[in-house]
Amino acid sequence: MTEPTAALQLLAPDGTLAAPDERTERFLATVDALSDGELERFYRDMVVIRRFDVEAANLQRQGEMGLWVGSMGQEAAQVGSGHAARAQDHLFPAYREHSVGMIRGLDVLDIIRMLRGVTHGGWDPVQTGNFHLYTLVIGAQTLHATGYALGIALDGLSGTGDVGRDQAVIVYFGDGATSQGDVSESLTFAASWQTPEVFFLQNNQWAISVPVSTQSRTPLHLRGDGFGIPNIQIDGNDVLASYAVTRRMLDEARSGGGPRLIEAMTYRIGAHTSSDDPTKYRDDAELQSWSAKDPITRFATWLRGKGATDAFFAEVAAEAEDIAADIRSRAVTLGVPPATSMFDHVYSEPHPVMDAQRAWLVDYEASLEENA
Amino acid sequence: MTEPTAALQLLAPDGTLAAPDERTERFLATVDALSDGELERFYRDMVVIRRFDVEAANLQRQGEMGLWVGSMGQEAAQVGSGHAARAQDHLFPAYREHSVGMIRGLDVLDIIRMLRGVTHGGWDPVQTGNFHLYTLVIGAQTLHATGYALGIALDGLSGTGDVGRDQAVIVYFGDGATSQGDVSESLTFAASWQTPEVFFLQNNQWAISVPVSTQSRTPLHLRGDGFGIPNIQIDGNDVLASYAVTRRMLDEARSGGGPRLIEAMTYRIGAHTSSDDPTKYRDDAELQSWSAKDPITRFATWLRGKGATDAFFAEVAAEAEDIAADIRSRAVTLGVPPATSMFDHVYSEPHPVMDAQRAWLVDYEASLEENA
Amino acid sequence: MSQVRELPLAKAINAGLRQALLDDEKVLLMGEDIGPLGGVFRVTEGLQAEFGARRVMDTPLAESGIVGTAIGLAMRGYRPVCEIQFDGFIYPAFNQITSQLAKLTNRHEGALTMPLVIRVPFGGHIGAIEHHQESPEAYFAHTPGLRVVTPSTPHDAYWMIQEAIASNDPVMFFEPKSRYWHKGPVDFAGSGIPLHSSRIIRSGTDVTLVGYGAMVTMLLRTAEIAESEGTSIEVVDVRSLSPVDYGPILDSAAKTGRVVIAAEAPGFASVASEIAATVAEKAFYSLEAPVLRVSGFDVPFPPAKLEAVYLPDADRILEAVDRAMTF
Amino acid sequence: MSQVRELPLAKAINAGLRQALLDDEKVLLMGEDIGPLGGVFRVTEGLQAEFGARRVMDTPLAESGIVGTAIGLAMRGYRPVCEIQFDGFIYPAFNQITSQLAKLTNRHEGALTMPLVIRVPFGGHIGAIEHHQESPEAYFAHTPGLRVVTPSTPHDAYWMIQEAIASNDPVMFFEPKSRYWHKGPVDFAGSGIPLHSSRIIRSGTDVTLVGYGAMVTMLLRTAEIAESEGTSIEVVDVRSLSPVDYGPILDSAAKTGRVVIAAEAPGFASVASEIAATVAEKAFYSLEAPVLRVSGFDVPFPPAKLEAVYLPDADRILEAVDRAMTF
Ligand SMILES: Cc1ncc(C[n+]2csc(CCOP(=O)(O)OP(=O)(O)O)c2C)c(N)n1
Ligand SMILES: Cc1ncc(C[n+]2csc(CCOP(=O)(O)OP(=O)(O)O)c2C)c(N)n1
Ligand SMILES: [Mg+2]
Ligand SMILES: [Mg+2]
């Protein structure tokens, strides 16, 4: 079996950039090509989404949402890969990739709307930079992504050699998801069809209370070997590695190179969701060791080294506050959908049962009014 | 990714035994340990099952069975692995492993009974040397095998170091089955639990009309790497390799070494089933090239070289004829199960609906009698 | 000039699929062995040769993968038609069908549609082994978000498969496999038929027989026998299992006052149960006898040698007709 | 000395599981997050600590794998109890449940038994996100070879989970999750209750209300209101969905002549349809009004903010009661 190689890292926890070697140099080149503005954007997005996460958690505690699903600790994996996708790409998230949605133009209030019980998602991927809906059934989205990627190939919109036009798909899933049959089937179909697709696996070490060691005793990126899919393991708390590797793999995929698999080693700093109690299954030491590898801190250190000013950091902090405040104010005023809306989109064409049940409900509610 | 190594072969198509090298020697040692009687038994079983296959196909053509599922061409993979299993082992077949059943003590008429529409299987694995029922839903049996193997471990009946007592499981599946989610999930669970289990993949190059290249572009034994399961590819038309490798892998598994995966490269010489027409999807050249690698011919050549006499070969041929004749005579006289038997085993404990519907059917059929 | 031709049901579906492939380049066929082999029932015979392997695709062997990737293709604007090889092999795709396919339009609040058809040969009478003779339609009829239909004649099959493919909603298309080889007239000039319409295919006055798929032929045969014994039978071909077009069924019930529903599937919590419950409720005052059901027994489909006992035949349906008449 | 204690339903199941683990060393629990976490609803809390990780196992994240390997363990002589984390996540296991678990005893002609329990928290009223409030029981009730039950009280839950584990046949055990935290008396000295018995839990004379799971509480509440408005209501807790114990239901129907069935699940081709069809058939002469059904609408379970509209409540059931009374 392949000897697991160490996770690719460009930016160490202490904020120092890796020296070029045959493994890192091509990726460092991709990093060099980034403008200061783009780098600052990475930082800004990580800070904003973490602040958003805190605000949303508060809203949940205050009863404004039934559930909150946090992403704290995974900002680098998500922001790096999210920026790596080109405008024409399609992104299929699991349910934790809030920053990726934000990067693509999703109003993150839509996520709150969903977790507040107002929608089941409800955004239109065409309007959100091809950021598709969340999928809550573990792994199911990987097959959708693979079919979508096949569609791109059938349309002749990949493999033309024009990276500015060729499209690719990136699909997000977790370490626990790798055990679902659907994920293996998507690897099978993607390899068989050589789809323009990157499988982005966030190994945050846990599937709720189950450690990744229960899912697999071998590094998960090696799963790719078994299906004939080139793969690499990266430090998922290194936004530069996440960006550079995903950028390259997406371009290889869009250029007709077939699917790729990236395993981003990261950690879920918070609870699985607001309903979860991690103290029941993991110890503080583990949490501490991962906090020491925080993605934002290390990137801030590096940016400072590159000359980022206090003013810049203050600006970003202020912007994060504004966004959080804006989310709060809009969240608490979210309305309730009309009762009959539950019949409106079950089918896209007329359906007698929908019509009959909608009509019944309207009459029934009117009758309640009268009796009231 | 691992570089695919050539399939392990001990006996070449021309019947010459491989020279010892670091890959073959340990397996050649296992072969050396075989008595002439055992070797003759391998030959006998391959010949008998092929003759059985021909007889069953005739019975089907003559309308004595709705369907026949042949195993011609795969005798070496099956007979070698079947004999490799120890008495205490459990075998979970797909639906083509007739010789394995025969080796374990199954009356192969039970297979005809099933394909004639008299039963859905119906044999008791306890009475057939732990040869379990066929499973027609592709891949489903791999999970049963993995759960069964976990049960062995929980019983403390593996890993004690006594290969004469320690139990293991061998599960059979095909190249097409590797695409089913259940098969990947069984690899995941087996690796997670380190079950005493050998996954025996018969790659006969086709899934009905679909070539293995549609299922995977990479050698299928490498699937094991992705799940952390040691694996090897063997020449599946070499009964010695099939025996020696399976024997060793089963012993490693039973001794607590965890699961193993064997990919046996072979070929389905006949049609997928009697309903199939291979001329629609594969060409004669391929068939010829594989016929030249016939498992029985090469083994006969080798046995002759070791001194097997014409008398022996004549004996085996005669025995095969007798068995075929016996099967035919018993097959054509198979009865029809009583109508009410369909209610007898749906549940193992009393069930009011079964009682009511059985009673209704009895009365109803009686009333038909009267009116008749 | 007439455009009526005699075709077996399988060839009628083949012709309908071919027409759909011609009419809309977004239509794709995918499944196991549908390419060079033309499907184990030859329903897709010749289509890969004519339209190429990009539009008629042999997939890896995984039903969840077939439906799941077809969903992605539908998101991309394609109109995939998936073939499931046999009724008993649709279950691996159940999660993708119920929790994804059936819910995605709703989840998107209409921002996308799911024009996806799943073809399933179903039912018994072919003497096959386990998993090859089942009738799983109830699982899908019970699932909101799916449309479920089944034709009983070559003409209906030719038109309904095209309506199903033209629908922007997911359609489960159940093909009565025991009828695949039976010929019937197909009017190619016809203007098609609504996807969700039941039909009175034989009129009578004493008892209404309700059924779908292969059972329809059995009901017509039963009606002949009953007629010869002096009982006048009306027969309704349900055709659409979700939604059910109750109009003709209730009209007939009002007329005869006696209704017998027959289906191959196990009767418990089945489509037959739904129709029986609804007819009993809506035709409460016109019923002169309880609505009776004749179904497969509530056991796994038995070995082929017993299928004739398991499957409702004319005698069993007549027994129910007699009970309805003498109630 | 009395052995009655007040327990919430979740703790009653926990106590029943614990008793089963104590009574038979072949009993195993397996599922996602049932170990250190004790399950997302804490139903298995403390059991891994007490019985060890070999008898209370956290599995990899795959429902088909959980049920499929549990089948293998049952073949080996174990009595696995699988937890499916939420109703909406059972579909990946559907193939193993319908084509394997439900059929294996039959396929073996009784040579082996399948003592396997699948626990499924089901139903709404908890304000959760998509896939977390569904009622999939009809899929399993329609499948021959399975036994399907659901308790509505802590006492029934404590005993029925033990009966389910003691059964040598596969049992789908649906737990009304909105009742998990509600307390009720559990008589630990009781001799248990038959696994498949429905029960008249409130007697009345005008209308019979039939339901199961969390709906039972709603029916009792409805009965109180109706009583106060002068209508006398009898309430039947079905408890067993396959087989259904029709005795008490038909007795009550004969007595009141008016039957209303309520369930959270979509109504079309549901367990409610089956009960309605059978009551309408068997109680044909005693019915003074059609059997009415009040169900979840035939749409995917809506966002939490609309669950109160989607789920049948006292008002909707009363509306049906009025229709039954004034029919
Ligand atoms: C099919 C299915 N089974 C179970 C669940 C319940 N569940 C929700 S999240 C989760 C763990 C997922 O772990 P992982 O894939 O690692 O993603 P993470 O939550 O760590 O980001 C589980 C078991 C589900 N959503 N879908
Ligand atoms: C779930 C499922 N889907 C489809 C089928 C129909 N089918 C029967 S055998 C077969 C091909 C299996 O190929 P492989 O696994 O290579 O085994 P082989 O027949 O070549 O021995 C198919 C598609 C099935 N039995 N089960
Ligand atoms: Mg995780
Ligand atoms: Mg094969």
Side-chain angles (χ1 to χ4, degrees), chain A residues 90 92 114 119-128 132-137 139-155 157 169 171 180-182 184-193 195 337 341-356, chain C residues 25-26 28 30 54-55 57-78 80 92-93 95-96 98-116 144-147 166-170 195-196 240 242-247:
Chain A
H90 280 259
F92 288 79
M114 172 177 165
T119 71
H120 282 323
W123 63 82
D124 178 358
V126 175
Q127 308 300 323
T128 60
H132 288 256
L133 292 193
Y134 280 167
T135 296
L136 302 180
V137 176
Q141 75 280 9
T142 58
L143 283 167
H144 307 163
T146 299
Y148 197 96
L150 175 63
I152 289 173
L154 292 175
D155 290 344
L157 289 173
V169 164
V171 58
Q180 280 288 359
D182 273 6
S184 291
E185 291 188 11
S186 70
L187 295 171
T188 297
F189 279 65
S192 182
W193 288 332
T195 50
S341 65
M342 73 173 82
F343 302 105
D344 295 349
H345 302 297
V346 179
Y347 302 89
S348 62
E349 291 170 353
H351 192 287
V353 174
M354 297 301 99
D355 298 343
Chain C
E25 59 170 15
K26 290 299 188 183
L28 299 176
M30 52 200 293
R54 293 166 60 90
R55 295 190 65 195
M57 289 183 280
D58 274 335
T59 64
L61 204 178
E63 289 72 16
S64 188
I66 291 168
V67 174
T69 56
I71 286 170
L73 283 159
M75 289 173 164
R76 180 72 185 184
Y78 285 88
N95 179 49
Q96 283 289 341
T98 53
S99 72
Q100 302 303 317
L101 180 61
K103 295 187 167 110
L104 274 162
T105 297
N106 188 60
R107 191 176 298 153
H108 283 83
E109 297 184 357
L112 64 69
T113 58
M114 273 289 129
L116 195 157
L146 301 175
R147 297 174 182 269
S167 169
N168 284 320
D169 294 319
L195 186 59
H196 298 299
S240 175
S242 177
V244 168
D245 174 20
Y246 278 109

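These values consider heavy atoms only, across backbone and side chains, with no hydrogens, waters or symmetry-generated copies. A note on names: the letters A, B, ... follow the listed sequences, proteins ahead of strands, and every chain is numbered from 1.
With a 4.5 angstrom heavy-atom cutoff, C:A62 touches chain A via backbone and side-chain atoms both. Proximity to chain A is limited to the side chain of C:N95, based on heavy atoms less than 4.5 angstrom apart. Residue contact with chain C, scored on non-hydrogen atoms closer than 4.5 Å, is absent for A:L136. Heavy atoms of A:L187 lying under 4.5 Å from chain C are absent altogether. Contact of A:Y134 with chain C is made through the backbone alone, with heavy-atom distances under 4.5 Å. Residue C:L112: no heavy atom, backbone or side chain, is found under 4.5 Å from chain A. Contacts of A:A153 with chain C are made by backbone atoms alone, with heavy-atom separations under 4.5 Å and no side-chain atom involved. Contacts between A:A140 and chain C at a heavy-atom distance below 4.5 Å involve backbone atoms as well as side-chain atoms. In this structure, chain A has a heavy atom under 4.5 Å from the side chain of C:M57, while its backbone stays farther away. For A:M354, no part lies under 4.5 angstrom from a heavy atom of chain C. Only the backbone of A:W123 comes within less than 4.5 Å of a heavy atom of chain C; no side-chain atom from C-beta onward does. Contact of A:P350 with chain C is made through the backbone alone, with heavy-atom distances under 4.5 Å. Proximity to chain C is absent for every atom of A:S186, based on heavy atoms less than 4.5 angstrom apart.
Side-chain atoms of A:Y347 come within 3.5 Å of backbone atoms of C:L146 as a donor-acceptor pair (strictly under, hydrogens ignored). Between the side chain of A:E349 and the main chain of C:N168, a donor-acceptor pair closer than 3.5 Å is present. The closest donor-acceptor contact from the side chain of C:R107 to the backbone of A:G121 lies at 3.5 Å or more, if one exists at all.
For the pair A:W193 and C:T69, the minimum side-chain heavy-atom distance is below 4.5 Å. Proximity of A:H351 to C:H196: side-chain heavy atoms (C-beta onward) are nowhere separated by under 4.5 Å. Side-chain contact check for C:R76 versus A:H90: some heavy-atom pair is nearer than 4.5 Å.
Among A:T119, A:D155, A:T195, the residue with the largest count of heavy-atom pairs under 4.5 Å with chain C is A:D155. Each of C:G110, C:P170, C:P60, C:A70 has some count of heavy-atom pairs under 4.5 Å with chain A, and the biggest count is that of C:P60. Of the listed residues (A:L133, A:V346, A:T142), the one with the most heavy-atom contacts under 4.5 Å to chain C is A:L133. When each of A:V137, A:V169, A:V353 is scored by its heavy-atom pairs under 4.5 Å with chain C, the top score falls to A:V137. When A:I152, A:T188, A:L154 are compared by the number of non-hydrogen pairs under 4.5 Å with chain C, A:L154 comes out ahead. When each of C:S167, C:G77, C:A74 is checked for heavy-atom pairs under 4.5 Å with chain A, C:S167 comes out on top. Highest contact tally toward chain A, considering only C:R55, C:M114, C:Q96, is held by C:Q96 [criterion: heavy-atom pairs under 4.5 Å].
The distance from atom OG1 of A:T135 to atom NZ of C:K103, rounded to the nearest 0.5 Å, is 12.5 Å. Rounded to the nearest 0.5 Å, atoms CG (C:L61) and CD (A:E185) are 9.5 Å apart. To the nearest 0.5 angstrom, C:Q100 atom CD is 9.5 Å from A:L143 atom CG. In this structure, the separation between NE2 on A:H120 and CG on C:L104 is 11.5 Å, given to the nearest 0.5 Å.
Closest approach of C:S64 to A:D182, counting heavy atoms only: OG-OD1, 2.6 Å. The two residues C:H108 and A:P125 make their nearest non-hydrogen contact at CD2-CD, 3.8 Å.
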